[in-house]
Amino acid sequence: MSKVLYHSKYVQLIVILLISCDLISQQFQNNDCERLFVEMSSLPLSERIYKLNDFEGTSECAENAANLLSKQAKIERDSLTLSKVYAIMAYRTNPRYSLFYADSLISISSKPSDYYFLEKHIIKGYVYYFLENPLAASHEFAKSYNLAKEYDDFDVEARSQIWIATTKEAQGGSAQALEIYFNALEDIENWKTTDIETKSELRSSVLQSIIVLELNRKNPVNAEYYLTQFKNILQFFPNEYQEQKSRMWDGKLAYLKEDYDTAYDILERELNTAHGSEKLDLLFTMGEIQGKKSNHLLMKQNFNRFDSVSVAFNLPPIPESKNVYHFLLNDAIKNNGKDKQLEYYDKLISIDSFLTANKNASDLIELPGYSIKDIRNERDKLINRSNKKDYGLIFFRDNHICNHSITYILF
């Protein structure tokens with residue numbers, strides 16, 4: 001009995017601690033929010049926008065601040081501040097509201113003299129792109145490109161061209177994307193300007209995209225050529241984040257050159273500072289390296305980490321996700337892990353739906369020798385086998401029929 005009481009008090013203590021931590025976290029968020037409003041209230045309207053832009057707190061707090069700023073800007077007829085509020089919130093707010101801000105920005109930027117007249121469609125295209133709608137994004141970037149051409153603004157024209165290529169790539173058209181990148185690179189090289197920094201930034205953006213494409217196409221010679229050019233720019237314009245990406249690409253390049261130990265060491269070092277899809281990409285390559293070295297256990301560990309990161313941060317699938325879950329599925333089949341089999345079947349089907357909806361070239365996302373039709377059929381067979389076994393769990397007890405639920409199998 002004393003053990004039960006002890007356990008009960010222990011559980012109560014944990015619950016109290018969890019509630020306390022949650023309250024403390026909320027208090028910190030409230031303090032950040034209050035601090036933002038206090039700091040903004042002491043500044044002229046035109047300067048408050050910078051506080052909103054630099055704020056790193058919750059989306060809810062930022063949206064409240066943005067609403068107040070936009071109302072004040074409308075009262076004072078300050079269209080410049082209003083447009084900056086809309087632009088900032090299109091980039092940083094909850095995805096459900098970002099399109100509203102992008103559309104609001106477009107509606108007040110109709111004249112060539114308006115601050116975001118040329119960039120408004122780039123901003124809406126960016127929103128669509130990160131809402132995982134590359135087709136709609138490409139339409140917005142095309143509008144931006146045509147507008148920039150009409151008003152002879154090469155900076156916006158080049159950035160629109162880069163984004164058009166990026167959306168082509170996201171839809172599976174890597175060959176088309178590469179052609180657009182090369183055209184953009186040539187246009188940037190021929191651009192007569194004294195703004196060397198902007199020219200270098202544009203050139204750097206294109207080079208990064210080309211490097212990624214060439215690495216994905218397993219073309220180490222081209223990838224290394226453009227990576228060298230990219231590193232030359234970093235010597236004149238250092239950037240910590242881009243230097244980190246350069247090191248990641250060094251690791252992937254070493255992998256393509258079959259220098260597996262060097263590649264794994266580089267990628268493992270960079271893993272802790274990588275985020276989002278970049279982290280998934282590193283874990284996939286690290287798993288592939290171990291596969292090349294016939295180290296099945298470490299390959300599985302890296303692919304399990306890939307799965308954990310993907311789930312923990314709710315990341316959208318990358319094309320390599322199929323290879324990861326195909327491997328994990330085969331491992332589950334080999335070890336007779338029925339629950340895991342069903343989980344990986346479902347994930348493969350979900351990934352295929354996502355990638356197919358966002359790509360034109362379906363041949364780029366099909367696994368050799370293993371179609372999505374095979375996956376669906378095998379999943380259905382597994383469910384049918386499991387269902388038949390579960391029907392055997394129906395039994396009589398005290399004249400009542402007890403049926404063990406199999407609901408979990410169907411979701």
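Treat the numbers as computed from the prediction; the structure is a model and nothing was measured. Positions are given from 1 along the sequence. Heavy atoms only: backbone and side chains are in, while hydrogens, waters and symmetry mates are out.
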| said: What's the separation between atom CG in L202 and atom CD in E157, rounded to the nearest 0.5 Å? | reply: 10.5 Å
| Should we count OH of Y115 as having more than 12 external heavy atoms under 6.0 Å? | no
| message | Quick check: do I233 and L207 have side-chain heavy atoms less than 4.5 Å from each other? | response | yes
| request: Decide yes or no for Y91 and Y101: does some side-chain heavy atom of the first lie under 4.5 Å from some side-chain heavy atom of the second? | output: no
| task | Starting at OH of Y325, measure out to OH of Y344 and round the result to the nearest 0.5 Å. | result | 7.5 Å
| request: Mind checking side-chain contact (heavy atoms from CB on, under 4.5 Å) for D265 and listing every partner two or more places apart, or none if nothing turns up? | output: R269
| said: Looking at every heavy atom in both A263 and G251, which two are closest together, and how far apart are they? | reply: CB-O, 3.2 Å
| message | With a sphere of 6.0 Å drawn around CD of E189, does it hold more than 12 non-hydrogen atoms of other residues, nucleotides or ligands? | response | yes
| field | Worked check of side chain to side chain contact (heavy atoms under 4.5 Å, CB included) between F141 and H121 | value | CA-CA 6 Å; F141 295 135; H121 292 294; over 6 Å; no
| query | Would you find a donor on one side and an acceptor on the other, under 3.5 Å apart, between the side chain of N239 and the backbone of Y241? | reply | yes
| Should the pair K340-D331 be classified as a salt bridge under the 4.0 Å nitrogen-to-oxygen rule? | no
| query | Salt-bridged, E270 to K245, with N to O below 4.0 Å? | reply | no
| Do other residues, nucleotides or ligands put more than 12 heavy atoms under 6.0 Å from E47 CD? | yes
| Residue pair S204, Q208: steps toward the side-chain hydrogen bond (donor to acceptor under 3.5 Å, both in side chains) verdict | CA-CA 6 Å; S204 173; Q208 290 176 64; 3.1 Å; yes
| Got a donor-acceptor contact below 3.5 angstrom from the S310 side chain to the F306 backbone? | no
| request: Output, in order, the C-alpha distance, side-chain angles, deciding distance and verdict of ring pair (Phe, Tyr, Trp, His ring centres under 6.0 Å) for H296 and F327. | output: CA-CA 10 Å; H296 179 90; F327 171 88; 5.1 Å; yes
| field | Charged N-O contact under 4.0 Å between E243 and K231 | value | no
| field | side-chain hydrogen bond (donor to acceptor under 3.5 Å, both in side chains) partners of residues 145-154, not counting sequence neighbours, each pair once | value | none
| said: Can you confirm whether the side chains of Q229 and R203 place a donor and an acceptor under 3.5 Å from each other? | reply: yes
| message | Do T228 and E224 pair up side chain to side chain, a donor and an acceptor below 3.5 Å, judged on atom types alone? | response | no
| message | Does atom OH (Y50) have a neighbourhood of more than 12 heavy atoms from anything else shown, all under 6.0 Å? | response | no
| task | Just do the side chain to side chain contact (heavy atoms under 4.5 Å, CB included) check on L82 and Y86 with the steps written out, would you? | result | CA-CA 6 Å; L82 184 60; Y86 289 156; 3.6 Å; yes
| said: Please check this pair: side chain of N190 against backbone of D187, looking for a donor-acceptor N/O pair closer than 3.5 Å. | reply: no
| With sequence neighbours excluded, what pairs up with E60 under the salt bridge (Lys or Arg N to Asp or Glu O under 4.0 Å) test? | none
| said: Listing request: all salt bridge (charged side-chain N to carboxylate O under 4.0 Å, His left out) pairs with a residue in residues 69-78, at least two apart in sequence or in separate chains. | reply: none
| remark: Nearest heavy-atom approach of A62 to L52 is O-CD1, 3.7 Å
May I have the list of side-chain donor-acceptor pairs in residues 281-291 shorter than 3.5 Å, sequence neighbours left out?
unit_1	atom_1	unit_2	atom_2	d
D281	OD1	K252	NZ	3.1
D281	OD2	K252	NZ	3.0
T285	OG1	D281	O	2.9

| Any L147 side-chain heavy atom under 4.5 Å of F117 side chain | yes
| field | Value rounded to 0.5 Å, distance of OH in Y255 from CG in L267 | value | 10.5 Å
| query | Just wondering, more than 12 heavy atoms not from F313 lying within 6.0 Å of its CZ? | reply | no
| field | Short side-chain to backbone donor-acceptor contact, N302 and L298, under 3.5 Å | value | yes
| field | Any side-chain donor near an acceptor of the partner, Y129 and S138, under 3.5 Å | value | no
| Between S98 and L131, is any pair of side-chain heavy atoms under 4.5 Å apart? | yes
| message | Would you say that Y226 contacts V206 through its side chain, given a criterion of any heavy-atom pair below 4.5 Å between the two side chains? | response | no
| Over 12 foreign heavy atoms within 6.0 Å of NZ, K199 | yes
| salt_bridge(D250, R247) N-O dist < 4.0 Å | no
| said: Centre-to-centre under 6.0 Å for Y345 and H326, is that the case here? | reply: no
| request: Starting from the C-alpha separation in whole Å, work towards a yes-or-no answer on side-chain hydrogen bond (donor to acceptor under 3.5 Å, both in side chains) for T273 and Q244. | output: CA-CA 8 Å; T273 52; Q244 179 197 348; 3.0 Å; yes
| message | Can a donor-acceptor pair be found, under 3.5 Å and without considering hydrogens, that links the side chain of S246 to the backbone of Q242? | response | no
| said: Rounded to the nearest 0.5 Å, what separates atom CD1 in I351 from atom CG in N323? | reply: 10.0 Å
Listed pairs under 3.5 Å, donor-acceptor, residues 210-218 side chains, sequence neighbours left out:
unit_1	atom_1	unit_2	atom_2	d
E214	OE2	N222	ND2	3.2
N216	ND2	V212	O	3.3

| note | On a heavy-atom basis, the closest approach of V156 and S144 is CG1-OG, 3.6 Å
| query | Atom CZ of F154 and atom CG of D195: how far apart are they, to the nearest 0.5 Å? | reply | 12.0 Å
| field | Pair E169-Y181, side-chain hydrogen bond (donor to acceptor under 3.5 Å, both in side chains): steps then yes or no | value | CA-CA 10 Å; E169 185 183 347; Y181 286 136; 3.3 Å; yes
| query | Could you walk me through whether D261 and K293 pass the side chain to side chain contact (heavy atoms under 4.5 Å, CB included) check? | reply | CA-CA 9 Å; D261 290 337; K293 296 171 70 175; 2.7 Å; yes
| task | Compare all side-chain heavy atoms of F182 with those of L178 and state whether any distance is below 4.5 angstrom. | result | yes
| Does a side-chain heavy-atom distance below 4.5 Å link N219 with V221? | yes
| field | Side chain T167, main chain W163, donor-acceptor under 3.5 Å | value | yes
| query | Between atom CD1 of I318 and atom CD of E278, what is the distance when rounded to the nearest 0.5 Å? | reply | 11.0 Å
| message | Walk me through whether S160 and I122 qualify under side chain to side chain contact (heavy atoms under 4.5 Å, CB included). | response | CA-CA 7 Å; S160 302; I122 281 188; 3.5 Å; yes
| Is the shortest distance from a Lys or Arg side-chain nitrogen in K120 or E140 to a carboxylate oxygen in the other one below 4.0 Å? | no
| said: Is the shortest side-chain heavy-atom distance between L348 and L329 below 4.5 Å? | reply: yes
| More than 12 heavy atoms of other residues, nucleotides or ligands under 6.0 Å from NZ of K347: is that the case? | yes
